[in-house]
Structures are given as C-alpha cells and as structure tokens.
Amino acid sequence: MQPARGSRGSRGRKLRLCSVHTSWHTVGDGEFFCPGCGGDRNYRRRTGRRRLTLLGVPLLPRGAAGPVIECAGCHEHFGPEALDQPTTARFSAMLRDAVHTVALAVLAAGGTASPSVVRTAVGAVRAAGYEDCTPDSLTGLIDALAADTGRFVAGTEGPCGAALAIELHEALDPLTPHLAGVGRESILLQGARIALADGAYIPAEREVLTTVGEALRLCPDDTARLMDEARAPF
C-alpha cells in the first residue's frame, strides 16, 4: 500500500509540472460598471495567447484567449458584454434626459398656458437632476422647438406626431433595458401627472403617454392602468 501512495504522489507532482499559461496584452481601456465591485471602475480590454508550459517554460501554442474586460479594482475578468451596462454617471444622465424629454413632450402636447402644468413639469425635471431648470427655460425650449419645422406644436397631426415619437424613442430606448419595472412605471407616472396638473387628459396628451409607454416597453394595459393611477393624490 505504501508504494501505491507514493506512486500517486509522484503522478500528482508530474502533472503540476505542466500547465497552460496565458500572456495578456492590453488593447484598450476606459471606465465601466464592474459587476464584481458593484460600482464604476477603470478597465482594460485585453487579449491573450495561451501556451502549454513545462517547468514554467512556454512551449506549444494553445490558441487565443479573450477578449476580456479586466477590472482595475478587483482584477476580475468579464466578457465584452460587461461594457453594455452604463456607468453610474452615464445612467444618471440617461435618466435625466429621459425625464426631460417626456416633460417636454407632454407640455408640447397640452400647451404651456397652465402655470400648474409648467410648475409640475419643472419639479419633475429638477428632481431628475436638472436643478437649474426654470419655467422660463422649459417654455422657451418649447417655443424654440415649435419654430423648428413645427415639430412640437400642441394639437398638430401628421409629421409632427411621427417626429415626436422619434424624439421619445431616442431618449427612452437606450435607457429602458437598464430600468426595473418600477423605474419604467415611474417615468410614465411623472408624465401623466404633468398632463393632469390642469385637469383631465386631452387626446394629444393621451397619445404622447401611449408613445412613452411603448418606448418603455410597457404593455398597453399597464400604460392605461398607470394613467388611471396618476389621477390619485400622491
């Protein structure tokens, strides 16, 4: 029995003499949201070459490795899809722009004559991160956009509606995959409360909110439910 144990130990030592070593090379860098650290970190995009080594000496090539994303903090390796997740700063900017665009769309659909509507829109935009937003800045932007081929004129139809839908999708489509359900619903509710600040929905506001729901990938029933829920005090 003793020789057998010695034999197994010898084989184990021999196996450890050989290994596959990867030589990594950095081909790019940047900042990303690290799934391991759970926060924004610097990263290096790396590719590698595998080689079979004997006693630490590289011998036979074993193919390419990577590309991988290496976190500068935890040094873990992730697939290139890790870069699809926006950084915290980028996510905040996307959310801020989305709320701003929805507020403008609702104001454009319903008009800016009501002080309560404008005030509610300003509050939503400020809460999203545009702390210097004012009633004059919002209404001024609506006027400027209305002068730009008439895209944002309340009550208009045809090309204006198509252009407005494009604006909303451009702001919401990149953000939606990174939002939980409650986050997507919150954006729609904010738009609905702006529309309701001066009374019941008008058809143009309903159309805009339906487009917002579509861009947020909410089913029509959920969009209708949220528009009803927005009528309740909050």
Side-chain angles (χ1 to χ4, degrees), residues 8-103 124-133 168-191 212-219 222 226:
R8 287 196 296 271
S10 298
R11 288 199 299 270
R13 286 193 295 272
K14 289 179 181 179
L15 288 173
R16 287 193 292 272
L17 296 179
C18 297
S19 63
V20 175
H21 175 73
T22 303
S23 298
W24 293 104
H25 303 280
T26 300
V27 296
D29 57 23
E31 187 179 37
F32 81 135
F33 183 89
C34 176
C37 297
D40 295 348
R41 298 290 186 271
N42 291 327
Y43 73 84
R44 293 185 294 178
R45 181 189 285 268
R46 314 195 79 188
T47 59
R49 301 293 298 179
R50 296 189 183 96
R51 287 186 178 274
L52 181 68
T53 65
L54 177 64
L55 294 174
V57 178
L59 298 176
L60 300 175
R62 302 292 288 177
V68 299
I69 304 302
E70 181 182 278
C71 176
C74 65
H75 302 291
E76 289 290 328
H77 286 180
F78 306 97
E81 64 275 8
L83 299 183
D84 294 339
Q85 176 69 27
T87 63
T88 301
R90 175 60 181 152
F91 179 80
S92 297
M94 293 166 67
L95 183 59
R96 182 178 65 239
D97 291 345
V99 173
H100 187 254
T101 301
V102 170
V125 173
R126 284 179 176 173
Y130 282 116
E131 297 179 359
D132 59 347
C133 178
L168 287 168
H169 278 281
E170 286 180 347
L172 296 174
D173 284 350
L175 173 67
T176 297
H178 307 293
L179 282 175
V182 65
R184 289 182 280 128
E185 292 186 356
S186 176
I187 292 177
L188 181 65
L189 281 171
Q190 289 181 71
V212 171
E214 292 171 353
L216 291 170
R217 301 181 190 175
L218 296 171
C219 70
D222 283 340
L226 291 166

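Just the heavy atoms: all of them, side chains too, but no hydrogens, waters or symmetry mates, feed the values below.
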**Asked** Does any donor atom in the side chain of T26 or R46 lie under 3.5 Å from an acceptor atom in the other side chain?
**Response** yes
**Item:** Where at least one partner belongs to residues 72-81, residue pairs that pass salt bridge (charged side-chain N to carboxylate O under 4.0 Å, His left out), sequence neighbours excluded
**Value:** none
**Request:** Show the numbers, then the answer: is there a side-chain contact (heavy atoms from CB on, under 4.5 Å) between L175 and F91?
**Result:** CA-CA 8 Å; L175 173 67; F91 179 80; 3.6 Å; yes
**Prompt:** Which residues satisfy the side-chain hydrogen bond (donor to acceptor under 3.5 Å, both in side chains) test with H25, sequence neighbours excluded?
**Reply:** none
**Item:** Value rounded to 0.5 Å, distance of OG1 in T87 from CD in E31
**Value:** 5.5 Å
**Item:** Nearest non-hydrogen partners of C34 and F78, listed with the distance
**Value:** SG-CE1, 3.7 Å
**Verdict with reasoning, Q190 to V102, per side-chain contact (heavy atoms from CB on, under 4.5 Å)** = CA-CA 8 Å; Q190 289 181 71; V102 170; over 6 Å; no
**Request:** Identify the two heavy atoms, one from A171 and one from A98, that lie closest to each other, and give their separation to 0.1 Å.
**Result:** O-CB, 4.2 Å
**Prompt:** Measuring from M94:CE to L179:CG, what's the distance to the nearest 0.5 Å?
**Reply:** 8.0 Å
**Item:** Shortest non-hydrogen contact from R126 toward C133
**Value:** NE-O, 2.7 Å
**Request:** Quick one: closest heavy-atom pair of V68 and H77, and the distance?
**Result:** CG2-ND1, 3.8 Å
**Request:** Can you sort out the partners of D222 under salt bridge (Lys or Arg N to Asp or Glu O under 4.0 Å), two or more places apart, ordered by chain and number?
**Result:** R225
Atom pairs and distances, side-chain donor-acceptor, residues 37-44, under 3.5 Å, sequence neighbours left out:
| from | atom 1 | to | atom 2 | distance (Å) |
| --- | --- | --- | --- | --- |
| D40 | OD1 | T88 | N | 2.8 |
| D40 | OD1 | T88 | OG1 | 3.2 |
| D40 | OD2 | T88 | N | 3.1 |
| R44 | NE | E70 | OE2 | 3.4 |
| R44 | NH2 | E70 | OE2 | 2.4 |

**Prompt:** Do side-chain atoms of T176 reach the backbone of A215 as a donor and acceptor pair under 3.5 angstrom?
**Reply:** yes
**Item:** Rounded distance [0.5 Å steps], CZ in R90 versus OG in S92
**Value:** 10.5 Å
**Message:** Minimum heavy-atom separation for C74 and C71, please, with both atom names.
**Reply:** N-SG, 3.4 Å
**Item:** Side-chain heavy atoms of L95 within contact of I187, under 4.5 Å
**Value:** yes
**Prompt:** With Y130, which residues qualify under ring-ring contact (aromatic ring centres under 6.0 Å, His included), at least two apart?
**Reply:** H100
**Message:** Is it true that, when you exclude R96 itself, more than 12 heavy atoms of the residues, nucleotides or ligands shown sit nearer than 6.0 Å to its CZ?
**Reply:** yes
**Message:** The criterion is side-chain hydrogen bond (donor to acceptor under 3.5 Å, both in side chains); which residues satisfy it with D84, sequence neighbours excluded?
**Reply:** none
**Prompt:** Does the side chain of R45 reach to within under 4.5 Å of the side chain of L83, using non-hydrogen atoms?
**Reply:** yes
**Fill in**
Nearest heavy-atom contact between L188 and L216 is N-CD1, 4.0 Å
